[in-house]
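What follows is one structure encoded as structure tokens, with my remarks underneath.
Quantities reported herein were computed from a predicted structural model and do not represent experimental measurements. Every chain is numbered from 1, with letters handed out A, B, ... down the list of sequences.
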Amino acid sequence: MSKGYDHRAIEAKWQAYWEEHRPFTATDDPGKPKFYCLDMFPYPSGSGLHVGHLEGYTATDIVSRYKRMRGFNVLHPMGWDAFGLPAEQYAVKTGIHPAVTTAQNIATFKRQMKRVGLSYDWEREISTTDPDYYRWTQWIFLKLFERGLAYVAEVPVNWCPALGTVLANEEIVDGKSEVGGFDVVRKPMRQWVLKITAYADRLLEDLKLVEWPASTLEMQKNWIGRSIGAEVDFQLADTRGALRIFTTRPDTLFGATYMVLAPEHPLVDAITSAAQKAAVDAYREATARKSDLQRQELDKDKTGVFTGGYAVNPVNGERLPVWIADYVLMSYGTGAIMAVPAHDERDWAFARTYRLPIREVIAGGNVSEAAFVETERGTVVNSATADGSFSINGLKPAEAIPTITEWLAKQGKGVKAVNYKLRDWLFARQRYWGEPFPINWVDGESRPLPEEQLPLVLPETNNFKPSGTGESPLANLGDWLATTDPATGKPARRETNTMPQWAGSCWYYLRFIDPKNATRLVDPGKERYWMPVDLYVGGSEHAVLHLLYSRFWHKVLCDIGVVSTPEPFKKLVHQGIVLGEDNQKMSKSRGNVVNPDDMMDQFGADAVRLYEMFMGPLEAMKPWSTRGVEGITRFLERVWRLMVTDEGRLSDTVVASAPSLDQQRLLHQTIKKVTEDIEELRFNTAISQMMVFTNEMTKAGQRSRAVLEPFVLLLSPFAPHVSEELWALLGHPASVSQQPWPVFDPALTVSDRLTIPVQVNGKLRSKVEVGADAPRELVERLAREQIGEWLQGKEPKKVIYVDKKLMNFVV
RNA sequence: GCGAGAGUGGCGGAACUGGCAGACGCGCGAGACUUAGGAUCUCGUGGGCAACCGUGGGGGUUCAAGUCCCCCCUCUCGCACCA
């Protein structure tokens with residue numbers, strides 16, 4: 001294939017230039033407006049960069065280059081989320097230290113990124129595995145600990161006795177270990193947990209402050225899962241004590257016909273009668289053996305066992321049988337419910353199975369066929385106290401809820417309550433390759449290390465095998481493990497858990513602002529200048545966890561005065577997934593993985609960048625097409641030939657004389673379209689407009705510098721290498737990246753001639769061409785001449801004229 | 001099941017607040033230049049011989065609907081007994 005230009009030579013040349021002159025360094029210049037443009041930093045895996053990564057990175061790179069040309073001080077950094085399981089698994093297998101493989105992988109990623117021409121400020125590169133970085137991750141943990149937001153709990157883990165290790169969820173396939181296929185059981189272990197639930201309300205509330213995709217906002221809201229209801233106390237019938245339940249439907253309290261406790265509920269033993277004890281114990285044991293996954297299987301029938309005990313409905317004194325069933329979860333609400341089968345689908349199904357009574361208290365449905373659960377429709381019935389002192393009969397459920405909640409509170413029988421689906425965050429892994437906790441255990445108590453002793457460095461070892469006890473491999477390192485408590489001098493044992501991968505990625509955007517600060521996490525002045533992140537681009541797989549955890553830490557840092565904004569990421573965009581050419585998800589097993597290095601070998605970085613953006617809307621899922629890359633290559637070659645001869649010199653067709661009015665219009669329309677499209681991240685249509693420009697200019701025998709030069713500037717954020725070369729060939733000193741962005745003249749974006757479509761009854765029948773300022777009368781007269789035969793001499797009923805747009809005759 | 005988003009040529013996709021459906025690219029067809037072409041350039045390309053018909057399907061609003069309203073179908077993503 002003959003090439004219009006030598007992409008290898010040009011790309012190497014300009015990458016070397018950028019390396020030497022560093023035009024993309026961000027300076028802390030308060031005199032300039034700032035733009036913080038951030039990619040989700042990658043885990044440097046062994047397989048290198050993927051074309052899916054490149055999509056997001058190219059998009060932010062275009063925006064960054066564009067914003068610089070618009071006079072912004074742009075912060076566009078890159079780093080590595082480099083702790084994590086794959087490197088450790090590899091170390092277990094080969095004995096090669098994770099730090100070694102991580103460094104190799106980072107080198108590969110970095111080389112590939114530079115090859116794509118991504119304009120990162122590499123002086124700010126950070127890695128979560130660097131002690132100078134994780135020192136501050138540990139520091140934040142100490143702050144969380146000080147504020148009571150980090151605590152220790154016994155939490156079940158996936159314990160694999162055969163492997164002698166704890167497994168991550170992704171290491172388990174169909175209930176067996178991915179490696180070896182061994183059994184996995186639940187085993188409680190001492191773990192660190194972060195109290196994210198303390199921030200549930202703010203995490204929900206502040207979603208109003210960000211410009212995020214609707215779906216992501218929705219997912220976060222659902223994940224937090226705030227629901228308002230009441231907690232109500234039911235006295236136990238035959239024993240002392242009360243059963244507290246949570247309900248969102250206190251309006252159905254008179255319809256309760258039984259109660260259900262989670263099998264793990266602490267009151268189960270007290271309630272269970274002697275006769276039922278055996279059955280209850282058997283059920284509880286069976287439940288304990290089930291994995292979370294089995295317990296969550298929805299289509300299974302509901303099961304449960306009667307405890308033999310009763311509780312008393314506080315509103316009508318009825319004795320309600322108390323059951324245990326695994327459809328009630330200990331971890332939500334109070335772990336106990338009142339069952340109202342008439343108005344709750346789960347209770348309805350359970351009542352049907354065990355032939356428990358179903359009592360209607362909201363009229364409007366047919367409760368013998370299905371639970372009636374609406375709150376906006378229906379009328380409360382059968383809901384008054386025996387003495388008639390209180391009634392919600394006749395109300396709509398939505399009105400009855402606050403009424404009865406207030407009444408319960410006055411009676412001391414209940415209280416308004418809010419619950420969240422959000423759980424506290426399990427913040428510990430039984431692994432080597434993660435941040436050590438700055439915690440010592442002294443006499444069974446956790447003691448934080450003093451800040452001055454940070455970082456607590458991950459100890460060197462060459463044994464990454466599991467300890468066998470479920471503790472991390474750090475438990476094998478006796479010398480490191482044994483220490484003394486700095487406060488008392490007593491012997492102490494170091495915490496052996498390490499932090500999860502989320503930890504380092506929770507706050508990295510802050511460190512980019514001030515990556516080398518040895519005394520603080522980030523300088524307050526720099527933080528105020530650069531925050532918040534103006535544009536954050538990354539995959540939607542992080543829509544909940546990473547983005548929620550980050551927001552949580554950010555709010556804590558805000559509370560302690562480290563950061564100045566309530567939210568870290570102002571605008572968020574998820575790039576879509578790039579499918580293989582066969583429209584299937586790319587995977588090694590399908591053999592449809594596209595390697596960016598191969599593509600760049602063949603077509604060059606500029607073509608790959610342009611194609612990534614031309615495929616379709618950034619956020620859409622779309623298939624790769626190598627033919628499409630060829631098409632883009634043709635476009636770049638056409639641009640090249642617009643101004644360069646076969647010998648590589650500036651072409652004679654490039655002239656200094658003024659462009660025609662039509663060429664000027666085309667240029668200004670192109671500037672307008674490309675500018676607006678970059679602002680809206682519509683890169684595909686921006687490229688399409690540049691193709692239109694190129695096609696038109698190809699037809700011209702003479703091309704004025706006055707239109708070619710601004711065009712090269714427009715192209716430069718998309719295809720920076722070839723644009724630099726063209727800019728140089730046009731006789732300008734480097735670098736195109738330091739030129740101001742072209743400005744369009746609105747007067748030149750509109751044509752002086754218009755083609756007005758003429759319709760009869762809304763159907764296109766003709767067109768008339770007129771001057772841009774033609775009055776309606778002229779357009780109508782010309783139009784009538786054109787469509788005479790359609791009017792058949794009759795006068796139209798109505799004539800609609802939309803100025804400069806369309807003429808429609810209604811007959 | 002619930003929640004969110006999306007269905008437009010052979011393919012990827014355009015179409016601003018309702019106003020010429022299919023921009024641009026791929027593919028395909030014809031031609032030019034060539035010893036040659038999987039290079040390059042030019043022209044054509046939704047369907048139908050036509051009247052006409054065409055934006056997942058069916059209704060509706062309107063002079064005018066891919067766009068607005070109602071019902072249905074399909075696909076993708078997320079959640080999944082959260083009381």
Side-chain angles (χ1 to χ4, degrees), chain A residues 1-4 213-223 225-227 229 245-249 252 260 262 295-300 302 325-329 331-340 343-347 349-350 419-423 540-541 543-544 574 576-577 579 581 583 610-611 614-617 619-632 634-635 637-638 641 676 682 684-692 694-695 698-699 755-767 796-811:
Chain A
M1 198 192 290
S2 104
K3 279 278 175 188
S215 58
T216 305
L217 292 173
E218 200 59 34
M219 280 162 69
Q220 293 230 338
K221 281 179 201 165
N222 292 340
W223 194 262
R226 183 177 199 262
S227 56
I245 61 101
F246 172 73
T247 178
T248 56
R249 295 296 305 276
T252 62
V260 186
R295 229 178 124 164
Q296 278 170 9
E297 272 167 29
L298 230 191
D299 40 338
K300 71 164 198 212
K302 291 193 169 33
D326 67 359
Y327 82 92
V328 172
L329 309 175
S331 51
Y332 183 78
T334 60
I337 62 155
M338 65 169 187
V340 185
H343 306 294
D344 181 284
E345 282 164 11
R346 297 151 301 185
D347 298 344
F350 191 79
N419 260 303
Y420 300 90
K421 280 205 266 189
L422 183 68
R423 305 291 151 80
S540 58
E541 66 272 22
V544 179
H574 301 301
I577 294 170
L579 303 172
E581 302 227 30
N583 241 302
L610 271 166
Y611 178 68
F614 188 65
M615 278 190 287
E619 302 195 56
M621 179 189 289
K622 46 213 176 293
W624 184 268
S625 159
T626 301
R627 296 263 193 182
V629 191
E630 287 171 15
I632 282 288
R634 279 197 277 274
F635 162 66
E637 285 167 355
R638 283 157 74 92
R641 284 195 304 269
E676 290 173 356
R682 292 185 304 235
N684 54 333
T685 50
I687 294 167
S688 148
Q689 179 63 33
M690 290 191 280
M691 288 173 168
V692 171
T694 307
N695 293 345
T698 298
K699 291 176 195 159
T755 303
I756 308 281
V758 181
Q759 298 181 337
V760 177
N761 289 337
K763 286 185 177 151
L764 183 69
R765 295 304 180 198
S766 182
K767 291 178 186 183
K797 257 193 286 188
K798 206 168 167 188
V799 181
I800 289 145
Y801 179 60
V802 184
D803 192 35
K804 298 192 196 332
K805 279 272 165 68
L806 165 142
M807 173 70 68
N808 188 12
F809 294 93
V810 185
V811 296

(request) Ignoring backbone atoms, test whether A/T755 places a side-chain nitrogen or oxygen under 4.0 Å from the OP1 or OP2 oxygen of B/C20. (result) no
(message) Tell me every residue that passes salt bridge (Lys or Arg N to Asp or Glu O under 4.0 Å) with A/K699, counting only those two or more places apart in sequence or in another chain.
(response) A/E696
(request) Between B/A64 and B/A21, how far apart are the P atoms? Round to whole Å, please. (result) 14 Å
(request) Report the distance from atom CG of A/D347 to atom CD1 of A/I337, rounding to the nearest 0.5 Å. (result) 4.5 Å
(message) Pick the closest RNA chain B nucleotide for A/L764 and for A/M691 by heavy atoms, then say which residue is nearer the 5' end.
(response) A/L764
(request) Could you pull out the closest heavy-atom pair between A/P213 and A/E619, with the gap in Å? (result) CG-OE1, 4.3 Å
(request) Please list, chain by chain and in numerical order, all residues satisfying side chain to side chain donor-acceptor pair (under 3.5 Å) with A/N808, sequence neighbours excluded. (result) none
(message) Students often get this wrong, so: under 4.0 angstrom with heavy atoms, is A/R638 touching a base, only sugar-phosphate, or nothing?
(response) sugar-phosphate
(request) Would you mind classifying the nucleic acid contact of A/S540 as base, sugar-phosphate or nothing, using non-hydrogen atoms under 4.0 angstrom? (result) nothing
(request) Would you check if the side chain of A/T698 reaches a backbone N or O of A/T694 as a donor-acceptor pair within less than 3.5 Å? (result) yes
(message) Heavy atoms only, 4.0 Å cut-off, all strands: where does A/N419 land among base, sugar-phosphate and nothing?
(response) nothing
(message) Expected output check: what is the dot-bracket annotation of RNA chain B, where ( ) and [ ] are pairs inside the strand (brackets for crossing ones), | is paired with another strand, and pairs are Watson-Crick or G-U under 3.5 Å?
(response) (((((((..(((......[....)))((((((.......))))))((....))..(((((..]....))))))))))))....
(request) With sequence neighbours left out, write down each residue that passes side chain to side chain contact (heavy atoms under 4.5 Å, CB included) with A/P623, or none if nothing qualifies. (result) A/L579, A/N583
(request) Using only side-chain N and O atoms of A/N222, determine if any of them is under 4.0 Å from OP1 or OP2 of B/A80. (result) no
(request) With the side chain counted from C-beta on, respond yes when A/M691 and A/F614 share a heavy-atom pair under 4.5 Å apart, and no when they do not. (result) yes
Atom pairs, N/O to N/O, protein against nucleotides 27-32 of chain B, distance under 3.5 Å?
from	atom 1	to	atom 2	distance (Å)
B/G27	OP1	A/R627	NH1	3.1
B/G27	OP2	A/R634	NH2	3.3

(request) Please evaluate the base of B/C20 for a donor-acceptor partner in the side chain of A/K767 within a cut-off of under 3.5 Å? (result) yes
(request) Could you run through nucleotides 4-19 of chain B and give me one letter per nucleotide, 5' to 3': B if any protein heavy atom sits under 4.0 Å from the base, S if only the sugar-phosphate is that close, - if neither? (result) S-------BSS-B--B
